[in-house]
Amino acid sequence: MLSLMVVVLLSGGRLAWAGQAGGTAADPEAACLALLKARNITVTYAELVPATGTVPSYCYIRGTISTAIRFHMQLPLPENWNGRLLNIGDGGKDGDLDYDDARLTQGYAVANSNLGHDAGVEPNSSFAWNNRQAEIDFGYRAVHLTATASKTVVRAYYGRPPQFSYLEGCSQGGRGGFIEAQRFPYDFDGIVAGAPVFLYQPINIAHVWSLQKLFKDKFAGNLAFDADGDGVPESLTKLEVLRKKVLEKCDALDGITDGVIDDPLTCDFRPERDLVGLHCAGDRNADGCFTELQLKNIRDIYRGPYDSKGVPIVKGMALGSEFSWAQRVIPHAGNKLFPTHLGYEVDHVNFLFYDTDPGVPPPDVTDTSYRTNRKANPPEFAWWEFNVDDMTAGKGNLMISIMDATDPDLSRFLVTNGGKFLIYHGWSDGDVHPEPTVDYYNEVVKTTFKGNMEEARKHVRLFMAPGMDHCGGGPGPNEWDRLAPLVAWVEKGEVPTHLVATHSTDGKVDNERKICAYPQKAVYTGPAGAQQDPANWIAANFTCK
Ligand SMILES: [Ca+2]
Ligand SMILES: [Ca+2]
Ligand SMILES: [Ca+2]
Ligand SMILES: [Ca+2]
């Protein structure tokens, strides 16, 4: 065994054993189908997929990991393989097999799982209905075992292990990256984790909590208004007023008035002070103004949830994320009272919060006048009945131990294993609050690197993207190759000092920036006095300082 490993190392691993394991490039179909006969892993399906468009022919397999995890792989033909394995992270509650033709075309062997359940059978969080195994699979087991399984398949198909293994994911997939870095530090050489829901329990509770406030008393505290009087709020004028007021206050703080607040932590916007004059007359709800209750709700969305004694649960949304609230937070006619948060997280309290689940959701989760039946079998439980005090009372602690990924000691992954960790988060993320990611990074610096930021930056880097929404989108530059900077870092030692990100409107780039590795920020160093000219908004005109 030892001598075999030496052979691989001396030959650089790349071409050493290609074609050895049963199949050869001359018979790619036989090599692919041979995986069905693997004796130490369950491959249930194999097919040589013909080339289509720009996607080359590849070997496609599906497999089973006991008991309910299903995974699949897109395996480039041996002559097209770049020697790398890539595990793709999962969004939302997952429950399906995600493809990545783009990475496959680049030569990566790509793997993904269903995280232990099928969304077509058990949609949203319902897979976790009193099912501890499904929760464990979703929480941390599937991502790890898919790494293991995909390495086994790579060895069987190419006859050698991957030269480099990566995990790329955002949101739930970013949480998967945190899980791997903390609990399974020897699975990957590099991990890129975006908008990580690593505070899984608190973030989901935050969304339920804000929805409770916005739906309460026939939307009295909502930021959408029923201007036409049909009983359903449809006007988003209040939200637009708020968004503009925040920008008026803070857009220019970074030196450039481009609709983006580079560092929301420097923005001193206070609704009670900065929305003065916009108070509704007599505190009667009307369009384009704010009642006391609405001002409080705005403050609370920025502040984040807290219990009945004022004990904070997690920091709230950042200033500059308001554009995103119409889609994600605020119930209104345009989203059929069904903002993303209601769709995603409303059943969190039914299935993923308590040790024993309290009940199934009501038939219409937007009808808060519905009276749930606790005596039914199974009983009914509605998100508006959830008491946030259960969080601070520790009733969600078991699920926190399964789902959350808050351990700041990354010494095994970053030091012992020499892994590289690239974290990014949009400052205007209206889904997963961004500030806790900064706090976590600082905790890692403190815990893993004794507070030595420069040493930490050799192993783990954080990129906070100004004006970027959840995993992409938003008014700020938000497009770049998420994986390439990590690969260059791992394989060539090219430390990512910054990312070059673009923002496009109708397919045309209209804003480009360096997104600097925390704690640095992009400072304009282009033609003097011309920083307000959009023509100068190109990465070359900014320096990380
Ligand atoms: Ca998946
Ligand atoms: Ca209406
Ligand atoms: Ca700005
Ligand atoms: Ca459960």
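First listed ligand is number 1; within each ligand, the first listed atom is number 1.
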Among the N, O or S atoms of D228, the one nearest the Ca ion (ligand 2):
OD1
How many degrees, to 10°, between I256 O and D251 OD1 as seen from the Ca ion (ligand 3)?
80°
Proximity of W383 and F215 rings by center, below 6.0 Å:
yes
Is the closest basic N to carboxylate O distance between D258 and R513 below 4.0 Å?
yes
Where is the tightest heavy-atom contact between D431 and I203, given as atom of each residue plus distance?
O-CG2, 4.1 Å
Looking at D226, which of its N, O or S atoms is the nearest one to the Ca ion (ligand 2)?
OD1
Non-hydrogen atoms of T437 and F198 that approach each other most closely
OG1-CE2, 3.8 Å
A119 to D94 - nearest heavy-atom pair and separation:
CB-O, 3.5 Å
With carbon and hydrogen excluded and only N/O/S kept, which atom of D258 is nearest the Ca ion (ligand 3)?
OD1
Got an N, O or S from W129 under 3.0 Å of the Ca ion (ligand 4)?
no
Does any N, O or S atom of L352, backbone or side chain, fall under 3.0 Å from the Ca ion (ligand 4)?
no
Atom nearest to the Ca ion (ligand 2) - E234, N, O or S atoms considered
OE1
Are W209 and F386 close enough that their ring centres sit under 6.0 Å apart?
no
Verify the distance test for V260 against the Ca ion (ligand 3): any N/O/S atom under 3.0 Å, yes or no.
yes
Tell me whether the Ca ion (ligand 3) has D262 as a neighbour, meaning an N, O or S atom of it below 3.0 Å.
no
At the Ca ion (ligand 4), O of A128 and OD2 of D357 open up to roughly (10° bins) 80°
Does Q182 reach the main-chain N or O of A405 with its side chain, forming a donor-acceptor pair under 3.5 Å?
yes
Is there side-chain contact between I179 and H144, with at least one heavy-atom pair below 4.5 Å?
no
Any donor-acceptor N or O pair under 3.5 Å, side chains N335, H332
yes
Atom of D230 nearest the Ca ion (ligand 2) (restricted to N/O/S, atom name only)
OD1
N, O or S of G231 under 3.0 Å from the Ca ion (ligand 2)
no
Between the Ca ion (ligand 4) and E135, which N, O or S atom of the residue is the nearest one?
OE2
